[in-house]
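Chain identifiers are assigned alphabetically (A, B, ...) following the order of the sequence lines, protein sequences preceding nucleic acid strands; residue numbering begins at 1 within each chain. All heavy atoms count here, side chains included; hydrogens, waters and symmetry mates do not.
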Amino acid sequence: MNTLDKTYSPSSMEDNWYKFWEENRLFAPQEGGERPSFSIVIPPPNVTGSLHMGHALNATLQDILCRWKRMQGYRVLWVPGTDHAGIATQNVVERALAKDKIDRHSIGREAFIERVWQWKAEYGNRIIFQLKKLGASCDWEHLRFTMDEGLSRAVREVFVRLFKEGLIYRDNRLINWCPRCHTALSDLEAEHESLDGKLYYIKYPFEDGTGYVIVATTRPETMLGDTAVAVHPEDDRYAGQIGKLIALPLTNRKIPIIADSSVDMEFGTGAVKITPAHDFNDELTGRRHNLPSLSVINEEGKMTHEAGERYRGLDRYECRKLVLKDLREKDLIETEKRYVHNVGHCYRCKTIIEPLQTIQWYVKVESLADGAIKAVQDRTISFVPEQWENNYFAWMRDIRDWCISRQIWWGHQIPAWYCPDCKTEDGILHGDLIEHIFFNPLRVKSKTISSGTYLQLIKAGLTHEEIIKNSKLIRIPKAVKPLCEREDISVCALCGSERLIRDPDVLDTWFSSALWPFSTLGWPEQTEDLKNFYPTSVLVTAFDIIFFWVARMIMMGLKFMDAPPFRHVYIHAIIRDSKGQKMSKSMGNVIDPLVMIDKYGADAFRFSLAVFAAQGRDIRFSEERLEGYRHFINKFWNAAKFISTYSGYYRSSKLEDIKSLPNRWIVTRLSAVTEEVNRGLESYRFNDAANGIYHFVWHEFCDWYIEMVKPELYTGTDSEKTETVNCLYFIFEKILLLMHPFMPFVTEELWHKFCKKDKSIMLSSYPTSLMRYMNAESEMSNIINAVNGIRSIRGELNIQPSAEIFVAIKTLSDEATKTITSNLSSIKKMARCSDIMVGKDLTRIKGSAITVREQMEIYIPLEGLLDVKSEIARLGKEMDKINNEIGIVGKKLSNEDFLNNAPSEVVEKEKRKYEDYRHRKDKLLENLALLQSIGS
RNA sequence: GGGCGGAUAGCUCAGUUGGGAGAGCACAGCCCUUACAAGGCUGGGGUCACAGGUUCAAGCCCUGUUCCGCCUACCA
């Protein structure tokens, strides 16, 4: 037996044990036997990421489940990996390049992507190492990355199949555009935040000079793209004006006043300007009325030529200022009011989103969503906690087509090609429609060219390669039909042309994430992993990506695997700081998990997270509590140290022939807590499981059991000692096993120090319910009552802990007498008594303090030391409590309806309680009377 | 606008078939009692947001109200 340090110090041993597990390949799925499978795919953190509290909680919970299941004999696979995180990663690398004054367009697409891979090789696995510090038992041999070759093949396969089925299509409509990231975003990626803005009331004069209408807008610059003014058809104010023309200020255009019932008469002036090219609502109105659509803002967030020469090229906000100035000069602004409204922001860079009319790729989700809804309805997939299903349903039932194309470079490039030499249905050559915009204007034959259609550029003397290489933007109208293939193509299948133009867009990162549960297992190959581990058992994640990720995995899993990607979705809370604020770098309130691990050890950190796990949707992280759980481990560590000093009496970890009350009791309690822990884990109630362990280890095993067996260990016979030491070891070993999923490091450490096992605790069986000894708990309650009674008097009368006192216990039953008598030395030790007299026929000793507990009266003679006044006060307090209880219970028992309707066991319980309180009250009254009459 | 969640001890929060209000921390008092002062023992502290209802019985179920948080949405 190695000796243990006085205090538990995690840092020295954690890394060693992790290495031990890895070297022995203990994280790989166990083969052999008829093992059922248990699998989890990790929510892949971004390669750009470093471990934050959310990851730590997420990974800890998954690790607890995996370690627990592994010990239960399952063949466990926990698939780790990272996500290429298109926009985020591209932004990071672009910023890094910017430091060297490099722009991605100057080095070109291929070179840029090469740089990203370099960056990934250098920094992309940081989070993996951090997960290891946490103790995560992922099978690292299964490590995946969403841009791996295999996963890319899965992406291609899915894309092409959906395209060929007509479930992926291109369309020209308004989308959320980030002018900073230069890409389209899905609806989900637009974060709405309320902003303080202004509502401008602008006069729109009639063309015939007979007056004006006033429209209200928060975005005056968009007026340059107005193509109508709408009013409600039943709005009397505008009754005669529908159909009239307006001379749109600052432009030379005439636009009509139209009637549309979507207009809210109450808002503003009841007249609304319609800008179909820059507002989602207006786009719909425009379609209903066949209005033209004028794009006045471009992909850079700058004004186009459609905005007019005066505004062309201005940034949208510069333009807003100028438009306002111009309007003011013409006295066309009626008024302006402060106005708070919701504005979409890019979820990556927080730039205000501009709705733009562009061609994008979409997934038609309706049919996919139907299946995904059914799977949750019929409980093929269930959410824990169940309440999240409501959110899921609400979103899925109202789901809109998913915009999957992004105008960035880092990601899965869309496998679509366009042939400039084929013709549209209307007989137009594609090459006349495809428009290229260059990054740098090119000089060709003394002419400067910055844009043009493909064929124009060819005619100007550029080669195909030059055009492709220099294109910053390629606009490919809807009429140009793409060719989509699993493998890259270089020849047009229709006309044989060899100058194909590949779609420059990449897929939304979430597209590949949606395939994660089966792409990581080898799909589209039919692999053993797929057979063994799909569907996965449970997905553990936070609620903020239910729509982004969970819903889409369900849709894709059902579509391509004909089976759900997972059975359960466990949704955990999001960690905030101690004030409830979201942790963010800019707020400076980020708590770094690695710092916590450093300070308190991974085990204490993990255990805290498990205890926090059940709290609603927010967890306020508190370092104080973490400190408390480190104390817990130290407490347990010291118990181990204590036990180790008796190793000499250890014979066997098999329990046989247990006789003594403490041993019977602790085994019984261990059984109960084992069930509690298993039940808790079964139902994802990590806090119940962790709290069960905490309470048992500290307050039952340490506080009562160890204290109670001490006298025997100090002075007992060898056979007594052996029984108890065996039992101590037995319980201790079970506690190690129970705690292992929560605290893998310290349990492994102690396992090797104590259990003399050469194999890892990871390979041992998780405890299941054991034997319980009848009566052990009720017998023990006599001991606890006696000790607590004595301690209570001591504490309240301020008797020095060092003073050993004499105590008399008058029992009410032979059983109580027997139990107390046979455990006298333990009681004496725990309550610090020199001697205890026990019996049913004892009488009160003069000058005693008294307390009355269940089954006993306890007297402590104080020979003149007793302060009568304070003793009377103390008994008065005790009496108040009892009277209070008697009042409550008595009321129930005098209620006929209660007696008639409540279950008999409830009534019985109340009756017993009542009798006990009555008896205690009588005894207290007697003693009070005595004290008051004779003064002692 | 729609939806969801929360309101329990000074603080952070548990509390699942409705049947004696709990934990951790903090606080007060006493103690270095041979595993542990990162400890032990004792104690104080609650109209379970408010108002109704159902029930023999409500922190828990139902209705309404207030306050806080979140998600979602095309109100210019």
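- Phosphate proximity of B/U12 to A/Arg620: present, with a side-chain N or O under 4.0 Å from OP1 or OP2.
- One donor-acceptor pair, N or O on each side, does fall under 3.5 Å between the base of B/A35 and the side chain of A/Lys710.
- Between the side chain of A/Arg606 and the backbone N or O of A/Met743 there is no donor-acceptor pair closer than 3.5 Å.
- B/C74 and B/U47: their C1' atoms are spaced 48 Å apart (whole Å).
- Map A/Ala902 and A/Leu899 each onto its nearest nucleotide of RNA chain B; the residue landing nearer the 5' end is A/Ala902.
- Taking atom CZ of residue A/Arg397 and atom C1' of nucleotide B/G2, one finds them 15 Å apart after rounding to whole Å.
- Pairing partner, B/G69: B/C4, with both Watson-Crick or wobble hydrogen-bond distances short of 3.5 Å.
- B/C27 and B/U63 have their C1' atoms separated by 41 Å, given to the nearest Å.
- Nucleotides B/G10 and B/C31 have their C1' atoms positioned 26 Å apart, rounded to a whole Å.
- Atom C1' of B/C70 sits at a distance of 34 Å from the matching atom of B/U55, rounded to the whole Å.
- Put simply, the side chain of A/Glu910 and the base of B/A57 share no donor and acceptor less than 3.5 Å apart.
- Mapping A/Asn895 and A/Ile643 onto RNA chain B by nearest heavy atom places A/Ile643 closer to the 5' end of the strand.
- Counting any heavy atom pair closer than 4.0 Å across all strands shown, A/Phe636 reaches no nucleic acid atom.
- No cation-pi contact links A/Arg920 to A/Tyr917, judged by a cut-off of 6.0 Å to the six-membered ring centre and 45° from its axis.
- Proximity of A/Gln800 to the phosphate of B/C31: a side-chain N or O atom is located under 4.0 Å from OP1 or OP2.
- Between B/G20, B/C71, B/U33, one nucleotide has an atom nearer to the side chain of A/Pro801 than all others, and that is B/U33.
- Rounded to whole Å, the P atom of B/A57 lies 14 Å from the corresponding atom of B/G20.
- For the pair A/Glu191 (side chain) and A/Val343 (backbone), a donor-acceptor distance under 3.5 Å is absent.
- Remark: C1' of B/G40 and CZ of A/Phe701 are 17 Å apart, rounded to the nearest angstrom.
- Between the side chain of A/Asn281 and the base of B/C74 there is at least one donor-acceptor pair of N/O atoms closer than 3.5 Å.
- The cationic atom of A/Lys641 (NZ for Lys, CZ for Arg) does not lie both less than 6.0 Å from the six-membered ring centre of A/Phe636 and within 45° of the ring axis.
- If you check every strand for non-hydrogen atoms under 4.0 Å, A/His699 touches sugar and phosphate atoms only.
- Checked by atom type and distance alone, the side chain of A/Arg320 never pairs as donor or acceptor with a backbone atom of A/Glu221 at under 3.5 Å.
- Contact between the side-chain N/O atoms of A/Asn634 and the OP1/OP2 oxygens of B/A38 is not found at any separation under 4.0 Å.
- Taking only distance into account, the side chain of A/Tyr917 meets the base of B/G20 through a donor-acceptor pair shorter than 3.5 Å.
- The aromatic rings of A/Trp637 and A/Tyr8 sit tilted relative to each other, their planes meeting at an angle between 30° and 60°.
- The C1' atoms of B/C11 and B/U54 are separated by 36 Å, rounded to the nearest whole Å.
- Atoms CZ (A/Arg173) and P (B/C74) sit 14 Å apart, rounded to a whole Å.
- Among the heavy atoms of the strands lying under 4.0 Å from A/Asn788 are primed sugar atoms or P, OP1, OP2 only; no base atom is included.
- Look at A/Lys881 and you'll find a side-chain N or O under 4.0 angstrom from OP1 or OP2 of B/G44.
- Separation of the C1' atoms belonging to B/U33 and B/U42 is 15 Å when rounded to the nearest angstrom.
- A/Asp544 places its CG atom 9 Å from the P atom of B/C71, with the value rounded to the nearest Å.
- In terms of phosphate contacts, A/Tyr600 brings no side-chain nitrogen or oxygen within less than 4.0 Å of OP1 or OP2 of B/A38.
- A straight line from NE2 of A/His192 to P of B/C70 spans 16 Å, rounded to a whole angstrom.
- OP1 and OP2 of B/C36 both lie 4.0 Å or more from every side-chain N or O belonging to A/His631.
- A straight line from CD of A/Glu905 to C1' of B/G19 spans 10 Å, rounded to a whole angstrom.
- For CZ of A/Arg338, the number of neighbouring non-hydrogen atoms (other residues, nucleotides, ligands) closer than 6.0 Å is 12 at most.
- Among the protein residues, A/Lys198 comes within range of no part of the nucleic acid, since none of its heavy atoms lies under 4.0 Å from any strand.
- Within 4.0 Å of A/Arg400, counting heavy atoms only, lie sugar-phosphate atoms of the nucleic acid but no base atom.
- If you take atom C1' in B/G40 and the same atom in B/A35, they sit 12 Å apart, rounded to whole Å.
- A/Tyr694 has no side-chain polar atom (N or O) that falls below the 4.0 Å cut-off from OP1 or OP2 of B/A14.
- Side-chain atoms of A/Lys635 and base atoms of B/C36 include a donor and an acceptor less than 3.5 Å apart.
- For A/Ile202 and B/A76, the CD1 to P distance is 15 Å, given to the nearest whole Å.
- Across all strands shown, B/G53 is found opposite B/C61 as a Watson-Crick or G-U wobble partner, with both distances under 3.5 Å.
- Looking at heavy-atom distances under 4.0 Å, A/Lys913 makes contact with a base.
- Across the protein-nucleic acid pair, A/Trp698 atom CH2 and B/G24 atom C1' stand 10 Å apart, rounded to whole Å.
- Listed for the A/Asp235 side chain is no donor-acceptor partner under 3.5 Å among the backbone atoms of A/Val231.
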